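The shown structure was predicted, so the numbers you read here are calculated from the model rather than taken from an experiment. Each chain gets a letter, A, B and so on, in the order its sequence line appears, and its residues count up from 1.
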Protein chains: 2
Amino acid sequence: MSDSKKISYEVIKRLPRYYRYLGDLRKNNIVRISSKELSEKMNVTASQIRQDLNCFGGSGQKGYGYNVESLYKSICEILGLERGHKTVIIGAGNLGKALVLYKSFERRGFILTGVFDNDEAKIGTFIGEHVILNINTLPDFIAKHKPDIGIIAVPKEKAGEIALLLSQNGVKGLVNFSYTDLSMLKDVEVENVHISDSLMTLSYRIKDK
Amino acid sequence: MSDSKKISYEVIKRLPRYYRYLGDLRKNNIVRISSKELSEKMNVTASQIRQDLNCFGGSGQKGYGYNVESLYKSICEILGLERGHKTVIIGAGNLGKALVLYKSFERRGFILTGVFDNDEAKIGTFIGEHVILNINTLPDFIAKHKPDIGIIAVPKEKAGEIALLLSQNGVKGLVNFSYTDLSMLKDVEVENVHISDSLMTLSYRIKDK
DNA sequence: TAGATTGTTAATCGATTAACAATC
DNA sequence: TAGATTGTTAATCGATTAACAATC
């Protein structure tokens, strides 16, 4: 019941992975699982699993393990996925387009409410069922629709400015795909997805092979 | 000079970020920088920077700091970026298409040599200048062109099979975009880019705002 | 009841930070 | 020389793992 301990970022980053594995178990109609069994599937220690899950109050049962369905639902709730976050995507280039068309976000409770660009040639055209809106109308749009999350898929030169615009208008979180850091911002949480960084890290790891 | 200490994954993951900041400094014709100045820009401790950079033998100079150009080049070499890794992209869906058209990879030394799909309707058509090849021809292609890195942008049901195919044919590293883990594989390094996970983590972080 | 498995405390391990002698 | 700043050792902090009493 104590939600008071601070949960480390390390733990939070692992939650989506637990959620994924539990989702699979659930689909396969598996009703219960022990930390030991799950640890073997996920290739982590059982001890870590018990520690992690205990950050959110005992969802297991001694001598039995964890109920898959109820643990799945708990994690969903802890992550705040049941709220149906509204998102906007800024940037209708190649990546932006791919993100608009990526249906899986919606399946996980993220609802795309608007797509924006500053290119006159693109504004008014469609990506799937989404019309591309003028970036100038973003403040009004946010005031009206109150999206939580902004997804930034613009060139790095524009990213800071867009991030500021979003946060100043009340967007709470950003996913940043541009090749720059947006960590200087107050009042907004930022998750960076730097695909280039992953490639570089991989490059290092395959050096001696 | 001692390359013998083991470098932790934590440090390796930070290298691309150093590389990015040094690249910016370099573009602005800044010649030298101290760990203190860099720490302020990057919002980390100077101590961490010195520790990190020292994993690879002293590239700094006491009383002076670090030479931007030479440190930039060192990190480039440490990451193995100067080798010009050949890549293949598997999956010509929305994400695959965006990745093919994403020119920045090439700028950072990753050379796209082939794009593959299993959809007859797509095979033979072009994305930019790249023709989509039949997935069945992948083993021959790898034997001939020897790509290092495979980028997996297929639905999760196919990902395991594709990963196995790539690794069995000698590809050394994988970047996995599909919503599943590919960590069970031997003989191949895997970097996961789970965009959904970032959204979920963000969802948690904005809960109380 | 006996067996299983959690929740949780204690021990270990590793990463980060602080401190400072070495030296440019 | 005096000042600056590294490389590196030592101290601290936090995360992971081990252990086990509690209990279903």
Q) Under 4.0 Å between a side-chain N or O of A/Tyr66 and OP1 or OP2 of C/dG7? A) yes
(Q) Is the ring pair B/Tyr204/A/Phe56 parallel, tilted or perpendicular, if the boundaries are 30 and 60 degrees? (A) perpendicular
Q | A/Lys172 bridged to A/Asp148 by N-O distance under 4.0 Å | A | yes
Q.
Whether the B/Ser203 and A/His85 side chains hold a donor-acceptor pair (N or O, under 3.5 Å, no angle test) is what I'd like checked.
A. yes
Q) In terms of ring plane angle, is the pair A/Tyr179 and A/His194 parallel, tilted or perpendicular, where the classes change at 30° and 60°? A) perpendicular
Q: Would you mind reading off the distance between A/Leu53 atom CG and C/dT5 atom C1', rounded to a whole angstrom?
A: 13 Å
(Q) Using 30° and 60° as the class boundaries, would you call the ring planes of B/Phe141 and B/Phe116 parallel, tilted or perpendicular? (A) perpendicular
**Q.** Difference in axis direction between the ends of the helix from C/dG3-D/dC24 to C/dC24-D/dG3, five pairs, 10°
**A.** 10°
Q) To the nearest Å, how far apart are B/Gln61 CD and D/dG3 C1'? A) 15 Å
**Q.** Length of the CG-C1' vector between B/Asp52 and D/dT6, whole Å
**A.** 15 Å
Q) Contacts to DNA chain C from residues 24-51 of chain B, heavy-atom cutoff under 4.0 Å, which residues? A) B/Thr45, B/Ser47, B/Gln48, B/Arg50, B/Gln51
Q: Send over the distance from B/Tyr64 OH to D/dT5 P, rounded to a whole Å.
A: 11 Å
Q | Lys/Arg cation over aromatic A/Tyr64: A/Arg32, 6.0 Å, 45° cone | A | yes
Q. Atom CG of B/Asn67 and atom P of D/dA4: how far apart are they, to the nearest Å?
A. 20 Å
Q) B/Lys62 side chain: which of D/dC24, C/dA15, C/dC24 is closest? A) C/dC24
Q: For A/Tyr9 and D/dA15, give me the distance from atom OH to atom P, rounded to whole Å.
A: 13 Å
Q. Tell me: CG of B/Asn54 to P of C/dA22, nearest whole Å?
A. 16 Å
Q.
Quick one: does any side-chain atom of B/Lys207 pair with a main-chain N or O of A/Ile78 as donor and acceptor, under 3.5 Å?
A. yes
Q.
Without decimals, in angstroms, what is the distance between A/Lys13 NZ and D/dA15 P?
A. 11 Å
Q) Less than 4.5 Å apart, any side-chain heavy atom of A/Ile90 and any of A/Ile151? A) no
(Q) Is it the case that over 12 heavy atoms from other parts of the model lie below 6.0 angstrom from the NZ atom of A/Lys144? (A) no
